[in-house]
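Source: prediction; values computed, not measured.
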Amino acid sequence: MEGQSTENTQLPANRLRVQRQRPRLSELRELLQFRRPTLDPVARRLESALSIADLRSIAERRTPRAVFDYVDGASDAEITAERNRRAFESAVFIPEVLNSVAHPDLTTQVLGSTISFPLVFAPTGYTRMMHHEGEAAVARVAARNGIPYTLSTVGTSTVEEVCEVSPHGDKWFQLYLTNNEAINEDLVDRALRSGFSTIMLTVDTAVAGHHLKDIRNGLTIPPALTARTFLDMSRHPYWWVNKLTTPQIGFASLRDAPGMVDAVDVAGAVFEPRLNYSHLEWLRKRWPHRLLVKGILDGRDAERVISIGADGVVVSNHGGRQLDRTPATLDVLPAVRNAVGPDATVLIDSGITHGQDIIAALALGADAVMVGRAYLYGLMSGGERGVERAVEILRNDYQKSLQLLGLDSTAKIGRQHVRLSGEDLGRDREVIGALEGA
């Protein structure tokens, strides 16, 4: 303003000077340290993947659209698949402070065995369609990392082949009880002879889910490829060459089953609309080792299968690939745990893509989580090395998040460390009500 002195608002000239010097070569070397180029294209791709989402993006570029959609897609409007992700994203972490987290113990107990961290590889069908290394690659990675691998009834490798490539790994077998009793007995007996420790009976597939993307792409049984799908596949010559120069893809464990002639017969056999509790009772008598039931979303069902003799349940909506509009698995997990009590094993799948998802699941009652899409994205991105990268990402996410939560072991994760968004809203309403009444 006019007449006002600016004498006190100006800094002395010597305060404005910046002292300069000639750059030293040693300092430049320290600042300009470039990463060495990676010549191996697979290694280069995987180095750029810092998250499961990154692996998904790579997989989308590396594989034909129909193959990627088979892995990434879900049934009908894919509402359930989206609910699964939103539920995990809604988890709110409450960290502890001033706890030493210098040497975290990530291990945990599942079905009486110690695993390196709370992760199990879920069963997936048609695995060699995603990458020619298929189930063998996944089983080897699981064994190296001290986690169980679950082979699917509709996998593209047999129980014997998986046993050969992973003789010392903890191998589980996911069972679709078919409408052929001889096939059921054969599958169970072969899993027993091959040293599988656990059978996982899937019970949410009485009929096949309605996969619109697969139908539009012509990826059906038998295949009915559209011209668009074929042209897209032609853009991936590496994928084609590997498919044409490796054994034919099919449901390997059912290849020589009684009465099976082709893929149509197999598809008709693995979906059993008459599946009921008597089948579970039969399996419990037939199988002498650990038994899980997969596809549970209700505490009453969980309680009943445990009473029949199952050792545990897998809270699962099949990743949204069966009945659409079902609840997110994380939302029903606490009720299932409450129904079966503390002693039964409870696993959860559907929507897990980050180590923080594992923490949320354990806090709400799970003993461990199962992932399928997460490692398939890795498989499509780089075969066995891609699966290894997926495990590395999930383990690193899990360890860092556990430490930031203020915990130094998996065993210390508790209900107090995680709230769901709805719980927070309920508490806010109580506070508001108390203030209004004051």
Side-chain angles (χ1 to χ4, degrees), residues 74-94 108 110-111 118-120 122-123 150 174 200-206 209 275-277 280 291-308 310-354 356-374 413-427:
S75 64
D76 289 307
E78 303 189 352
I79 294 169
T80 293
E82 179 61 25
R83 280 179 181 166
N84 287 331
R85 282 304 313 142
R86 284 205 310 265
F88 281 106
E89 290 167 359
S90 75
V92 179
F93 293 111
I94 312 299
T108 193
V110 173
L111 293 169
L119 185 76
V120 177
T150 315
Q174 175 271 331
M200 179 184 296
L201 175 66
T202 296
V203 295
D204 60 0
T205 53
L275 185 66
N276 58 62
Y277 281 100
L280 176 59
L291 175 62
L292 297 172
V293 176
K294 179 177 180 286
I296 298 296
L297 292 173
D298 185 272
R300 292 166 297 182
D301 288 333
E303 190 174 14
R304 185 168 179 185
V305 300
I306 295 297
S307 71
I308 290 174
D311 298 293
V313 298
V314 183
V315 180
S316 172
N317 52 38
H318 222 101
R321 292 178 60 82
Q322 283 299 105
L323 177 64
D324 202 12
R325 302 181 187 236
T326 56
T329 53
L330 191 68
D331 288 341
V332 300
L333 173 61
V336 172
R337 168 54 77 187
N338 184 61
V340 300
D343 297 329
T345 294
V346 176
L347 306 180
I348 181 175
D349 70 10
S350 305
I352 290 104
T353 61
H354 195 284
Q356 291 182 349
D357 300 337
I358 303 175
I359 292 176
L362 266 62
L364 293 174
D367 294 297
V369 307
M370 302 189 76
V371 296
R373 287 187 179 99
I413 297 173
R415 187 64 179 85
Q416 71 275 17
H417 296 121
V418 174
R419 294 179 189 166
L420 298 179
S421 58
E423 294 174 329
D424 289 341
L425 180 61
R427 288 188 175 91

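Minimum heavy-atom separation, V336 to A302: CG1-CB, 3.8 Å. In terms of heavy atoms, Q416 sits closest to I94 at O-CB, 3.7 Å. For the pair F88 and G351, the tightest heavy-atom approach, listed with the atom from each and the gap, is CD1-O, 3.9 Å. The heavy-atom pair separating A366 from I348 by the smallest distance is CB-CG2, 3.8 Å. Nearest heavy atom pair, residue A91 against residue V418, reads CB-CG1, 4.0 Å. Contact detail for Q356 and F93: the closest heavy-atom pair is O-CZ, 3.4 Å.
Put simply, CG on L292 and CE on M370 are 8.0 Å apart, with the number rounded to the nearest 0.5 Å. If you take CD1 on I308 and CD1 on I306, they are separated by 10.0 Å, rounding to the nearest 0.5 Å. Once rounded to the nearest 0.5 Å, the distance linking CD1 of I296 with CG of D301 reads 5.0 Å. To the nearest 0.5 Å, the span separating CD on E89 from CD on E82 amounts to 7.0 Å. Going from atom OG1 of T205 over to atom CZ of R321 covers 12.0 Å, rounded to the nearest 0.5 Å.
Contact check for L330 versus L333: side-chain heavy atoms found under the 4.5 Å cut-off. Between V313 and K294 the shortest side-chain heavy-atom distance does not fall below 4.5 Å. Looking only at side-chain heavy atoms (C-beta outward), V314 and M200 come within less than 4.5 Å of each other. The side-chain heavy atoms of L323 and T80, taken from C-beta on, include no pair separated by under 4.5 Å.
For S75 (side chain) and Q322 (main-chain N/O), a donor-acceptor pair under 3.5 Å exists by modelled atom type. Formation of a donor-acceptor pair under 3.5 Å by the D311 side chain with backbone atoms of L291 is found in this model.
Defined by atom type and a distance below 3.5 Å, a donor-acceptor pair is present between the side-chain atoms of Q174 and T202.
Checking each of L297, N317, D298, L364 against V332 for a side-chain contact (heavy atoms from CB on, under 4.5 Å) leaves exactly one that passes, namely L297.
By the 6.0 Å contact criterion, CZ on R325 is open, its count of non-hydrogen atoms from other residues, nucleotides or ligands being 12 or less.
Look at D357 and R85 and you find a salt bridge, because one of the NZ, NE, NH1 or NH2 atoms lies within 4.0 Å of a carboxylate O, short of that distance. A salt bridge does not link R83 with D324: every distance from a Lys NZ or Arg NE/NH1/NH2 to an Asp or Glu carboxylate oxygen is 4.0 Å or more.
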task = Might you work through the salt bridge (charged side-chain N to carboxylate O under 4.0 Å, His left out) test for D367 and R337, ending with a clear yes or no?
result = CA-CA 10 Å; D367 294 297; R337 168 54 77 187; 2.9 Å; yes

inquiry  = For a side-chain hydrogen bond (donor to acceptor under 3.5 Å, both in side chains) check, start with the C-alpha distance between D349 and S316, then their side-chain angles and the critical distance, and finish with the verdict.
reply    = CA-CA 5 Å; D349 70 10; S316 172; 2.7 Å; yes

ask   = Passes side-chain contact (heavy atoms from CB on, under 4.5 Å), V369 versus L119? Steps please.
value = CA-CA 5 Å; V369 307; L119 185 76; 3.8 Å; yes

